[in-house]
There are 2 protein chains.
Amino acid sequence: MATTSRTKRAPVLGDVARIAGVSVPTVSRVLTGSKPVSAEVEQRVRRAIDKIGYRPNGAARMLVSGRRSLVSVISGSTASYGYANTLEGIAHGARTASMDVGITVIDSAEPDAVTATIDQVLVQPVAGVIVLEFDRAGLAAIEAMPSTVPTVVAGGGSRRTGPRAYALIDERAGGREVTSYLLSLGHKTVHHVAGPTMGKHSGRTEGWRAALKSAGAKIPDVMHATWEPRSGYDWGKQIAKRRDVTAVLCGSDDIAAGVLRALLDCGVRVPEDISVAGFDDQPYVEMLRPALTTVRQDFHDLGARSFDALARLLAGVREVPTSVATPSLVIRDSTGPVRARR
Amino acid sequence: MATTSRTKRAPVLGDVARIAGVSVPTVSRVLTGSKPVSAEVEQRVRRAIDKIGYRPNGAARMLVSGRRSLVSVISGSTASYGYANTLEGIAHGARTASMDVGITVIDSAEPDAVTATIDQVLVQPVAGVIVLEFDRAGLAAIEAMPSTVPTVVAGGGSRRTGPRAYALIDERAGGREVTSYLLSLGHKTVHHVAGPTMGKHSGRTEGWRAALKSAGAKIPDVMHATWEPRSGYDWGKQIAKRRDVTAVLCGSDDIAAGVLRALLDCGVRVPEDISVAGFDDQPYVEMLRPALTTVRQDFHDLGARSFDALARLLAGVREVPTSVATPSLVIRDSTGPVRARR
DNA sequence: GCGGTCGATGATAACGTTTTCCCCACCCGA
DNA sequence: TCGGGTGGGGAAAACGTTATCATCGACCGC
């Protein structure tokens, strides 16, 4: 309120320089190590920095140097298991490379919502972007992303399908493996409760279908659930009424938990009457009774690999090879051989 | 490589101005709406912007205007249920206010790891910070955060304990409520499998203790688990051997799932022999058999309230009132009256 | 002892935007 | 017709840092 200083302006490089009795660029050199500085001057500068509690202004730094240290993650959600763990993997990689990570969730898959989101992301000084391709919103974001910004797609596909860098978990292979495993137990076919449709089918569903097809098994209609356990429960109720179902592959562990519960509530024995398998291997599923057979997907690793890919992109590598991890089947107690239904 | 242009420099305001035949500030005015511009000029400018695909440079913008639109979340994790949902709530609020959110995870609670993290966060042009106080790392981060940056603490406390703005879930009340409920069923006391220690005890544990104390019940030793279901399982095995336990409150749903499974595996009936209660109300817990009684905590709402608090702080409000939500007890089938243990 | 290289430092430009200040043309009322 | 307000727009300063270039001394080899 007085004439001189209002809210005690944050100290800047010039303040440090004056106190240390050196020039502004010298202070900068101490901070960035871009050029050697004599030990004595360095000490004076550091002392001055500590004294006034100086912190570099990131905006100014980025503006002039053009170096960007922000990686933005675009995603349709952050709370679900896969999203959250992928995000953690990315954050961990970024931390190691001393980069920052921003997260923007897309409200819906409406075209204008997507472009609005992208605009908001690209106004920031981002070095690159990682899009989580787990749902329609992610898919739409990839389409709408300008080709000029370094972009990595993290998702569940099996091969690169466009001009970007990809880090993937081969969900298709996972779906195939678990379906084949169920068939090998003697099931004539495997029914499938999928998550929300992505427009095109998800890798999990594709793998399931491929395995049935190559085994010459009948391909039942896909049952579409939301990601909620409740929704799985509702389908489980339906399934319990049918006599033709002996094996169910669910699009996620949460759905499987619901299906499992519904079956047991209806007096269906698992796995004696019906086998149930999930997808993801969330920590709790081995505590279900019976412990859930599922497909383990290492999302944390997926996040780490996406960040690696982006780092290479930023380092100037032209063609970053697509990195694909294969999920692994975890056999527990919810699946077993076919028996005569009591 | 040629003499003129290397990688086709990104278009800047000057380019737009030249094409539209106006001055640089005029383009800025169109973009920010800081001053009225004639309709005709505005149209020319917009056309030019679209034509060359201009995007404002956020760094330059922040540097000169001093307006910051970045909210940074500091957290010990992002993957666990509470963290992930709180983060989503924050992201949602930020999106509505068209601000950006950054996320930084602290590797450990080591003092230098914490200050390193904070340094990294504060180099960015942050408007404010939200610290997730769910673990030691978060606690340490709050201590080390300079008082000059607008900070909101999001956590599980019951009242403000320092000079910051707080958004809380009153875990203490939740712990008290569920414990009292169990006592009201006739249990002489309630045992407690807590999550990792936070140094000081967590609100959940405090509430449990307070309820026992005020009921004059014996206060058993706390059993400390990790957040892993497996760890809960191990404690469940121990508990099954004991004859004096009739009710167990767990520090999280995942721990409860483990305890539950161990008890059932050992032939202990739930809730007939032992009642089990969890904490959080993750979606899957109603699918456990028996469905888990637990304390519901709305983390998404916590995130939204933290962002609100920060927004007010940034709007210049001096004293932002602490916002406290009370968790609600969800009674399902895993808890019941005491019976003679068979 | 002298030209040349090197190491340390300072002066100045540059980054891309917003802000401030000023000018000009126009309109209105007296 | 003239003065004062007003609304649109341009010129230049400012933001805080790094990059570029110049300077100055010391040191080295011949």
Side-chain angles (χ1 to χ4, degrees), chain A residues 5-46 48-49 52-70 119 122-127, chain B residues 5-46 48-49 52-70 119 122-127:
Chain A
S5 70
R6 313 183 48 74
T7 41
K8 206 168 50 181
R9 181 183 52 87
V12 298
L13 221 40
D15 302 329
V16 177
R18 193 160 12 80
I19 294 179
V22 297
S23 73
V24 167
T26 298
V27 179
S28 172
R29 289 192 264 261
V30 169
L31 252 34
T32 64
S34 61
K35 275 189 167 186
V37 173
S38 75
E40 188 256 340
V41 167
E42 164 153 6
Q43 194 173 51
R44 280 217 314 273
V45 169
R46 294 214 177 277
I49 288 176
I52 63 176
Y54 165 80
R55 278 179 199 282
N57 178 320
R61 208 170 239 195
M62 280 184 279
L63 176 58
V64 60
S65 74
R67 267 192 288 280
R68 290 148 185 245
S69 65
L70 178 63
D119 282 349
L122 294 188
V123 165
Q124 304 173 258
V126 292
Chain B
S5 71
R6 313 185 48 75
T7 41
K8 207 168 51 180
R9 181 184 52 86
V12 299
L13 220 42
D15 301 329
V16 177
R18 193 160 13 79
I19 294 179
V22 297
S23 74
V24 167
T26 297
V27 179
S28 172
R29 288 192 264 262
V30 170
L31 253 35
T32 64
S34 61
K35 272 189 166 186
V37 175
S38 74
E40 188 257 338
V41 167
E42 163 153 6
Q43 195 173 50
R44 280 217 313 271
V45 168
R46 293 214 179 280
I49 289 177
I52 63 176
Y54 165 79
R55 279 179 199 282
N57 178 319
R61 207 170 238 195
M62 279 184 281
L63 175 59
V64 61
S65 73
R67 269 192 289 280
R68 291 148 146 54
S69 65
L70 178 63
D119 282 350
L122 294 188
V123 165
Q124 305 172 257
V126 292

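Protein chains get the first letters and strands the later ones, always in sequence-line order, with residue 1 at the start of each. Just so it is clear, the values below take in all heavy atoms, side chains as well, and ignore hydrogens, waters and symmetry mates.
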### Message
side chain to side chain contact (heavy atoms under 4.5 Å, CB included), that's the test. Do A:Ile19 and A:Tyr54 meet it? Break it down for me.
### Response
CA-CA 12 Å; A:Ile19 294 179; A:Tyr54 165 80; over 6 Å; no
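Taking CG of B:Leu63 as the start and CE of A:Met62 as the end, the distance is 10.0 Å to the nearest 0.5 Å. Here CG of B:Leu31 is found 4.5 Å from CD1 of B:Ile49. Values are rounded to the nearest 0.5 Å.
Look at CZ on A:Arg44: it is 13 Å from C1' on C:dA8, rounded to the nearest Å. Following rounding to the nearest Å, B:Arg9 (CZ) and C:dA14 (C1') show an atom-to-atom distance of 13 Å. Regarding B:Leu13, its CG atom lies at a distance of 6 Å from the P atom of C:dT18, rounded to whole Å. Whole-Å rounding puts the B:Asp15 CG to C:dG16 P distance at 9 Å. Rounded to whole Å, the distance from CG on B:Leu31 to C1' on C:dT19 is 15 Å.
A:Arg29 comes within contact range of at least one nucleobase, with a heavy-atom separation under 4.0 Å. Within the nucleic acid shown, B:Ser28 comes within 4.0 Å of at least one base atom, counting heavy atoms only. A:Pro36 comes within 4.0 angstrom of sugar-phosphate atoms only, judged by non-hydrogen atoms across all strands, and of no base. Residue contacts for A:Val24: at a heavy-atom cut-off of 4.0 Å it reaches a base atom on one of the strands shown.
Using a 4.0 Å cut-off, some side-chain N or O of A:Thr26 falls inside it from OP1 or OP2 of C:dG10.
Within the 4.5 Å cutoff, side-chain heavy atoms of B:Val12 are placed close to those of B:Asp15.
Each end of the helix from C:dG1-D:dC30 to C:dA30-D:dT1 gets its own axis, taken as the rotation carrying the C1' atoms of four end pairs onto the next four within a five-pair window, and the two axes meet at 40° to the nearest 10 degrees.
With a cutoff of under 4.0 Å to any heavy atom of chain A, the contacted region of DNA chain D is bounded 5' to 3' by D:dG16 to D:dC21.
Listed by residue number, B:Ala60, B:Arg61, B:Val64, B:Ser65 are the residues of residues 59-66 of chain B with a heavy-atom contact under 4.0 Å to DNA chain C.
Residues B:Arg55 and B:Lys35 both approach DNA chain C. Their nearest nucleotides, taken by heavy-atom distance, put B:Arg55 toward the 5′ side.
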